[in-house]
J.: 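Take this structure, written in structure tokens, and hold onto it; I'll ask about it next.
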Amino acid sequence: MLPTDELELKKFFVPEFILGRGALELAGRYARNFSLRKVLLVTDAGVKQAGWADRVCTSLNEADISYEIFDRVSPNPRAGEVMAGAEAYHAAECQGIVAVGGGSPIDCAKGIGIVTSNRRHILAFEGVDRVQMPAPPLVCVPTTAGSSADVSQFAIITDEDERRKIAIISKTLVPDISLLDPLPLTSMDATLTVDTGMDALCHAVEAYVSNASSPITDLHALEAIRLIAAALPEAARAPDDLQARYLTMLGSLYAGLAFSNASLGAVHAMAHSLGGLLDLAHGRCNAVLLEHVAGYNYAAAPDRFDAITRLLGQQPEELSGNERQAAITRAVAGFRRSLGIDASLADLGVEPGDLPALAERALSDPCMATNPRRPNQKDIEEIYASAF
Amino acid sequence: MHRRSDPEQDWDTLRRRIIGLGERSIHKSYYPELQSRLAELERFRAILDQTNDAIFLIDAWTGLLVDANESAWVQLGYKRGDLMQTPFCNLIAPEKRIWFLDFFAAGKNPSRRQQAVTAGLLAAGGTEVPVEVTIRFVTFGEEQYAVAVARDITERMRAEEELRIKESALESSTNGILIADVEGYPIYANPAFLQMFAFASVDALSDRPVAEFFDCGRAGANLLERLVATGSLIGEGLGRRSDGLLFNIQISGSIVRNDAGDPLCMMFICMDITERKAAERIQREAYEQLRRNIEQFAILGDHIRNPLQVIVGLAEMIEDPLTATILSQSRRIDGIITELDRGWVESESVRRYLKRREPVAEE
Ligand SMILES: [Fe+2]
């Protein structure tokens with residue numbers, strides 16, 4: 001159940017960000033404002049190919065800042081990649097990091113930052129507030145509208161040996177500045193657009209029903225749901241529509257501010273477990289799980305879920321209590337299908353035999369701590385099963 | 001009247017800055033300052049690492065090494081990590097270890113704040129490096145440390161030893177050695193020189209110019225000029241003792257120069273050759289006597305042959321049974337004189353041989 005004590009202490013942490021057309025051109029200026037002379041530019045092959053890394057390099061060149069490019073980052077960034085990045089950072093004698101890309105390069109950049117300043121292995125930071133020394137300055141240029149890694153205190157890294165994702169949660173991971181430019185979003189294909197958009201929707205929904213939510217996070221979470229519900233189908237349909245892209249970016253930013261402070265819940269705990277074991281796309285896992293987790297969580301925050309249902313275009317007021325629970329599941333599922341996401345867990349390659357291990361890992365994920373309902377192993381296995 | 005170019009444009013700039021989009025609209029961060037301080041520290045560290053002295057930072061309370069510059073661990077053959085948090089005194093060779101333990105024990109005593117001592121530092125291979133250690137206490141905020149600066153004195157000790165050997169060689173030499181400054185005034189004389197020239201000490205001769213000690217005939221007057229011109233000289237002459245007496249010496253002089261070729265001092269080595277000179281004179285007189293004797297002898301031979309020729313002529317004219325005896329005896333005498341002549345010729349070549357070997361001084 002959600003806490004009822006309105007006066008309970010809450011904190012809201014917002015990093016500096018610049019939103020709008022041409023924001024990415026400011027990368028050089030902000031790197032220079034931190035007195036950086038050389039930076040590690042963390043990106044991935046796709047973003048580089050789309051030309052966004054080059055655009056940022058131009059900005060760095062204009063500001064007379066040299067850079068070393070590190071682009072060996074997988075879609076689910078791995079501990080080994082973080083350590084290799086940290087080595088590249090030291091070898092090139094960098095003083096800061098510029099991350100250009102989606103959640104993967106940004107999470108990898110966050111990991112590289114804390115590894116270089118603390119000189120410890122990335123896996124040693126698993127958990128909450130385990131980072132002693134803050135990382136060097138990190139300038140983010142997000143190229144997707146989903147992860148919100150550019151404003152969040154989270155970094156999700158895959159422990160490739162154990163085939164699990166670890167969550168590192170620390171205020172020291174919050175980037176120093178995010179340059180939110182809608183232009184790079186136009187190079188995303190439809191699949192990436194809807195997967196990352198569904199991730200953003202999950203952030204907003206989970207933050208809104210989180211047991212750590214506050215009036216301030218609620219404000220951001222609700223606005224995020226409204227914007228994503230309205231703009232995401234449009235952005236998926238017309239990839240070059242800069243206005244629609246801008247609204248999804250704004251929605252994702254709201255969602256990011258909400259979840260960075262209120263944290264997440266069972267959807268992300270279970271998605272991390274899936275992603276770690278089977279190396280699946282994060283947004284796609286969330287999209288498949290959200291409606292089932294929402295149905296399970298409904299009883300813990302019925303009013304809030306009703307509000308979400310409304311934002312997704314349904315009218316729960318006209319329904320009875322039991323039907324309302326089904327309505328949120330239906331509303332989310334309908335939205336997902338409207339975006340062309342029809343996959344089940346089975347389609348993603350999950351085997352029935354995987355469920356106990358998946359559930360066990362999900363239960364130990366820090367995101368589970370802020371889920372509005374406290375599930376047990378059997379509950380989680382059942383939710384997975386319903387998404388099969 | 002309209003000095004402000006365009007108020008609308010000014011407001012635009014102002015508005016952008018207020019939004020936070022100005023070139024310098026940056027949030028509070030100590031990072032740039034931290035970076036420059038760190039760079040400063042790294043530069044300083046590089047300077048410390050570049051010095052040849054080994055520098056150790058020691059926790060004054062525990063005696064454990066907290067830091068060391070690169071020279072410290074490289075010279076001693078350790079890795080940096082090997083030394084950290086180990087007792088500094090473990091690096092000191094046993095003979096002086098107590099001294100250091102005492103120093104740390106007396107740490108609060110202000111009179112012992114800085115001390116210098118020579119000691120051995122133990123290298124990784126177990127060898128001992130002789131060093132001069134300057135150690136003192138320093139306070140950083142609440143922390144008290146000792147800073148030890150160790151300078152390798154292996155080279156200095158070897159140079160000192162070398163100098164000692166050279167000095168004792170000079171002192172014990174039987175030749176008189178005089179070293180003078182570039183002006184020609186003595187700064188050092190070894191005991192053999194003092195004895196030879198009848199001086200009690202170096203002080204007694206230091207205000208006399210070098211030229212006064214030597215009387216080298218025509219060359220004597222400009223002895224120094226010759227030395228400066230040629231860089232070295234060798235010859236014989238006379239030495240003048242403190243009481244004015246002259247004696248024969250063989251002298252060699254040279255200018256000692258530094259690496260740049262500038263003169264540092266001049267050095268003279270003298271040998272008392274009074275006895276050799278006397279022996280040479282006696283020898284010369286003996287040869288003269290010998291020459292005269294040999295000439296006398298040749299004349300004497302001729303003087304005997306002439307009357308003998310007369311005797312042989314007369315004997316051949318008379319018919320006498322003794323004639324044969326007279327002639328044979330006369331031939332014997334002639335043979336003896338011939339023997340003597342031959343001996344004279346041989347003596348002459350010996351004399352010439354000896355004469356060639358006689359010293360130049362005879363001229
Ligand atoms: Fe996410």
Side-chain angles (χ1 to χ4, degrees), chain A residues 13-40 59-60 62-66 89-90 92-98 113-114 116-119 133-140 150-151 171-172 174-181, chain B residues 6 8-50 57 59 64-74 78-86 140-143:
Chain A
F13 193 98
V14 191
E16 190 172 355
F17 56 81
I18 294 177
L19 173 68
R21 195 189 311 111
L24 72 80
E25 321 280 350
L26 300 176
R29 177 197 292 183
Y30 279 89
R32 191 178 54 213
N33 280 340
F34 282 111
S35 285
L36 308 179
R37 294 179 305 283
K38 179 143 195 194
V39 297
L40 189 71
S59 165
L60 292 172
E62 281 167 3
D64 207 16
I65 289 161
S66 52
Y89 181 97
H90 281 302
E93 296 181 358
C94 299
Q95 295 115 23
I97 302 174
V98 175
I114 56 174
T116 56
S117 62
N118 291 271
R119 295 178 187 265
M133 299 282 290
L138 172 60
V139 176
C140 288
D150 53 303
V151 291
K171 297 284 184 282
T172 64
V174 179
D176 294 82
I177 181 140
S178 179
L179 303 172
L180 292 139
D181 192 326
Chain B
D6 181 357
E8 294 241 339
Q9 203 191 336
D10 287 348
W11 285 346
D12 277 351
T13 313
L14 210 54
R15 178 178 169 274
R16 283 182 65 76
R17 288 203 187 138
I18 291 167
I19 294 171
L21 294 172
E23 185 69 30
R24 300 289 304 156
S25 305
I26 47 178
H27 73 247
K28 179 176 165 183
S29 169
Y30 295 105
Y31 195 79
E33 182 60 19
L34 191 70
Q35 284 288 106
S36 84
R37 298 278 176 98
L38 277 175
E40 200 174 294
L41 280 178
E42 271 165 32
R43 274 199 304 277
F44 187 62
R45 171 109 216 169
I47 294 172
L48 287 186
D49 282 347
Q50 286 310 306
L57 186 69
D59 185 310
L64 299 179
L65 268 171
V66 180
D67 206 347
N69 70 342
E70 195 178 292
S71 303
W73 42 275
V74 169
Y78 294 99
K79 290 193 188 76
R80 187 165 184 274
D82 298 345
L83 294 179
M84 293 306 101
Q85 296 302 319
T86 60
F140 297 118
E142 301 280 287
E143 314 284 328

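Order of the sequence lines fixes the chain letters, A, B, ..., with proteins taken first and strands second; residue numbering starts at 1 for each chain. Below, all heavy atoms of this structure are taken into account, side chains as well, without hydrogens, waters or symmetry copies.
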J.: Checking heavy atoms, do the side chain of Q95(A), its backbone, both or neither come under 4.5 Å from chain B?
T.: both

J.: Given that the side chain runs from C-beta out, which part of P134(A) has a heavy atom under 4.5 Å from chain B: side chain, backbone, both or neither?
T.: neither

J.: Which bit of I177(A) comes within less than 4.5 Å of chain B, counting heavy atoms only: side chain, backbone, both or neither?
T.: neither

J.: Please identify each residue that fulfils side chain to side chain donor-acceptor pair (under 3.5 Å) with K38(A), with sequence neighbours left out.
T.: none

J.: Does a sphere of radius 6.0 Å around CZ in R21(A) hold more than 12 heavy atoms from other residues, nucleotides or ligands, not counting ones at 6.0 Å or beyond?
T.: no

J.: Going by the rule side chain to side chain donor-acceptor pair (under 3.5 Å), which residues pair with Y31(B) if we only count those two or more places apart in sequence or in a different chain?
T.: Q35(B)

J.: Give a yes or no on this: more than 12 heavy atoms of other residues, nucleotides or ligands lie within 6.0 Å of atom CZ of R37(B).
T.: no

